[in-house]
Amino acid sequence: MPVTPAPERETLIEEIVDREWDMMKAVVSDGRSLCQERPGTFRAMRGMSHSVLSRDTLASYLGDLRNAFAKGRNLVTEKYARMEGKIPPVSQCPLIPRIVAIELEWMRQLCELFPLTFQPSTASFARYEACELETYSDATLTLLYRDALGAREAGRNLVRERYENLFQTLGQWTLAEVEAKGREKAALQAGGDS
């Protein structure tokens with residue numbers, strides 16, 4: 001019997017984003033989310049979020065999404081309900097604060113290196129990250145933690161890599177080019193204010 005090859009990372013990311021989009025469209029809240037109004041932006045941002053993860057982590061998270069669908073759960077609804085304090089924690093996995101701490105340090109580095117591109121909003125970043133991670137299974141969190149530790153030990157910053165991937169997708173810019181454009185704009189505005 002022939003062995004079916006494992007899906008490639010791009011195929012996994014595509015199915016993950018499709019399933020997340022289906023969940024996002026079904027979110028009911030006080031008002032329509034900007035993400036619901038802009039599916040292209042949603043897809044770009046979610047693709048960026050997953051772009052640096054290992055194949056094993058992606059496959060595990062896709063399994064989480066499939067299992068949630070089979071059980072009638074909407075993980076995106078749960079994430080936003082957690083962010084708004086409408087439901088108690090979905091998970092108490094001890095890996096969540098460890099992953100958030102690593103990601104938060106990476107975000108702080110970006111804020112220092114690219115202050116015009118990344119406004120210091122680390123508190124909201126950490127809250128969003130934690131609430132999303134609560135919707136992941138323990139197996140996915142274990143793999144994600146392994147990805148984060150491996151990247152940190154290799155001197156990589158996965159948050160930076162995500163944004164580099166996003167800007168490249170949007171216009172083939174680097175973070176340095178985006179920051180330089182921000183400096184030019186600030187200089188022009190400062191010149192116009194004198």
Side-chain angles (χ1 to χ4, degrees), residues 7-55 57-87 90-91 96 99-100 103-104 106-107 110-111 114 117-119 121-137 140-141 143-144 147-148 157-175 178 181-182:
E8 295 298 321
R9 289 181 73 261
E10 294 75 22
T11 304
L12 290 167
I13 291 170
E14 187 175 319
E15 185 176 344
I16 286 169
V17 173
D18 285 345
R19 287 179 177 270
E20 288 179 330
W21 173 242
D22 288 341
M23 290 181 179
M24 185 68 200
K25 289 186 300 188
V27 170
V28 177
S29 64
D30 299 334
R32 191 131 171 99
S33 166
L34 194 56
C35 291
Q36 289 172 312
E37 301 289 335
R38 297 183 177 158
T41 301
F42 176 86
R43 288 179 176 283
M45 294 301 291
R46 295 310 298 166
M48 176 264 300
S49 293
H50 305 305
S51 67
V52 297
L53 301 179
S54 69
R55 191 211 158 280
T57 303
L58 292 169
S60 183
Y61 178 55
L62 179 55
D64 294 350
L65 291 166
R66 288 173 176 164
N67 290 337
F69 178 79
K71 294 175 182 174
R73 289 178 61 202
N74 183 324
L75 302 184
V76 177
T77 295
E78 291 177 15
K79 172 176 66 176
Y80 285 107
R82 279 292 298 131
M83 289 174 63
E84 295 168 6
K86 293 181 177 178
I87 62 172
V90 179
S91 170
I96 293 172
I99 295 167
V100 171
E103 296 258 342
L104 190 55
W106 286 333
M107 179 52 89
L110 281 190
C111 289
F114 308 105
T117 305
F118 298 96
Q119 301 301 318
S121 59
T122 52
S124 60
F125 174 85
R127 175 113 178 108
Y128 180 91
E129 184 80 10
C131 292
E132 177 163 328
L133 294 179
E134 284 184 22
T135 67
Y136 291 20
S137 68
T140 299
L141 289 168
L143 292 166
L144 182 60
D147 288 353
N157 177 327
L158 295 186
V159 175
R160 180 176 183 160
E161 289 178 25
R162 283 183 192 120
Y163 279 99
E164 292 282 8
N165 292 342
L166 175 67
F167 287 126
Q168 185 176 34
T169 299
L170 296 177
Q172 299 185 1
W173 299 330
T174 65
L175 280 173
V178 171
K181 288 176 194 235

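This structure is a prediction, so every number in the text was calculated from the model and none was measured. No hydrogens, no waters, no symmetry mates; every other heavy atom, side chains included, goes into these values.
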Asks: Start with the C-alpha distance between F114 and Y163, add both sets of side-chain angles, then the distance that settles ring-ring contact (aromatic ring centres under 6.0 Å, His included), and finish with yes or no.
Replies: CA-CA 11 Å; F114 308 105; Y163 279 99; 10.0 Å; no
Asks: CD of E103 to OG1 of T122: how many Å apart, nearest 0.5 Å?
Replies: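 With rounding to 0.5 Å, CD (E103) is 13.5 Å from OG1 (T122).
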Asks: Which residues satisfy the salt bridge (charged side-chain N to carboxylate O under 4.0 Å, His left out) test with E129, sequence neighbours excluded?
Replies: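 With neighbours one apart ignored, the set is empty.
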Asks: Any idea which heavy atoms bring I13 and S51 closest together, and the distance?
Replies: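 Looking at all heavy atoms of both residues, the shortest contact is CD1-CA, 4.0 Å.
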Asks: Distance check, rounded to the nearest 0.5 Å: L62 atom CG versus R55 atom CZ?
Replies: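 Rounded to the nearest 0.5 Å, the CG-CZ separation comes to 9.5 Å.
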Asks: List the atom of L133, the atom of L141, and the distance in Å for their closest heavy-atom pair.
Replies: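 So the minimum-distance heavy-atom pair works out to O-CD2, 3.7 Å.
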Asks: Evaluate the side chain to side chain contact (heavy atoms under 4.5 Å, CB included) criterion for residues V159 and F125: first the C-alpha distance (whole Å), next the side-chain angles of each, then the deciding distance (0.1 Å), finally the verdict.
Replies: CA-CA 11 Å; V159 175; F125 174 85; 4.1 Å; yes
Asks: Take the angle between the ring planes of H50 and Y61 and call it parallel below 30°, perpendicular above 60°, tilted in between.
Replies: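 Plane angle between 30° and 60°, so tilted.
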Asks: Which atoms form the tightest heavy-atom contact between S91 and I96, and what is the distance?
Replies: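 Smallest heavy-atom distance, with atoms named: OG-CD1, 3.8 Å.
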Asks: So, does E20 use its side chain to make a donor-acceptor pair with the main chain of V76 at under 3.5 Å?
Replies: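 No, because the side chain of E20 does not come within donor-acceptor range (under 3.5 Å) of the backbone of V76.
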Asks: I need the minimum non-hydrogen distance between L143 and S60, along with the two atoms involved.
Replies: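 That would be CD1-CB, 3.6 Å.
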Asks: When the ring planes of W21 and F42 are compared, do they come out parallel, tilted or perpendicular, using 30° and 60° as the limits?
Replies: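 Correct class here is tilted.
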Asks: If only atom types and distance count, is the side chain of D64 paired as donor or acceptor with the main-chain N or O of S137 below 3.5 Å?
Replies: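 Side chain of D64 to backbone of S137, a donor-acceptor pair under 3.5 Å: yes, one is there.
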Asks: Keeping the roles fixed (side chain from N165, backbone from M48), state whether a donor-acceptor pair exists under 3.5 Å.
Replies: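 Side chain of N165 to backbone of M48: no pair is present.
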Asks: Backbone N or O of N67 within a donor-acceptor pair of the R73 side chain at under 3.5 Å?
Replies: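 Side chain of R73 to backbone of N67: no pair is present.
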Asks: Would you confirm whether T135, through its side chain, and E132, through its main-chain N or O, come within 3.5 Å as a donor-acceptor pair?
Replies: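 Judged by distance alone, yes, a pair lies under 3.5 Å.
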Asks: List in chain and number order the residues that pass salt bridge (charged side-chain N to carboxylate O under 4.0 Å, His left out) with E15, two or more places apart in sequence or in another chain; answer none if no residue qualifies.
Replies: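 Scan of E15 (salt bridge (charged side-chain N to carboxylate O under 4.0 Å, His left out), adjacent residues dropped) gives R19, R66.
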Asks: Nearest 0.5 Å please: distance from the OG1 atom of T169 over to the CE atom of M45.
Replies: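 Here the rounded value is 11.0 Å.
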Asks: Would you say that T11 contacts E14 through its side chain, given a criterion of any heavy-atom pair below 4.5 Å between the two side chains?
Replies: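 Heavy-atom side-chain distance check fails, nothing below 4.5 Å.
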Asks: Should R43 and D18 be marked as a side chain to side chain contact (heavy atoms under 4.5 Å, CB included) after you check the CA-CA gap, both sets of side-chain angles, and the distance that decides it?
Replies: CA-CA 8 Å; R43 288 179 176 283; D18 285 345; 2.7 Å; yes
Asks: What distance separates T57 OG1 from R9 CZ, expressed to the nearest 0.5 Å?
Replies: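 The distance works out to 9.5 Å.
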Asks: Would L53 and L12 count as a side chain to side chain contact (heavy atoms under 4.5 Å, CB included) here? Give the steps.
Replies: CA-CA 11 Å; L53 301 179; L12 290 167; over 6 Å; no
Asks: Rounded to the nearest 0.5 Å, what's the gap from CD on E78 to SG on C131? Could you check?
Replies: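 Answer for the CD-SG pair, E78 versus C131, is 11.5 Å.
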Asks: Taking side chain to side chain contact (heavy atoms under 4.5 Å, CB included) as the test, write out the residues that go with A44, two or more places apart.
Replies: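 For A44 the side chain to side chain contact (heavy atoms under 4.5 Å, CB included) partners, ignoring immediate neighbours, are L166.
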Asks: Evaluate the criterion side chain to side chain contact (heavy atoms under 4.5 Å, CB included) for residue pair R160 and W106; output intermediate values, then yes/no.
Replies: CA-CA 7 Å; R160 180 176 183 160; W106 286 333; over 6 Å; no
Asks: Measure from the side-chain N and O atoms of R162 to the backbone N and O of S49, and report whether any donor-acceptor pair falls under 3.5 Å.
Replies: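 Present.
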Asks: Between CD1 of I16 and CG of L65, what distance do you get to the nearest 0.5 Å?
Replies: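 I16 atom CD1 to L65 atom CG measures 6.5 Å (nearest 0.5 Å).
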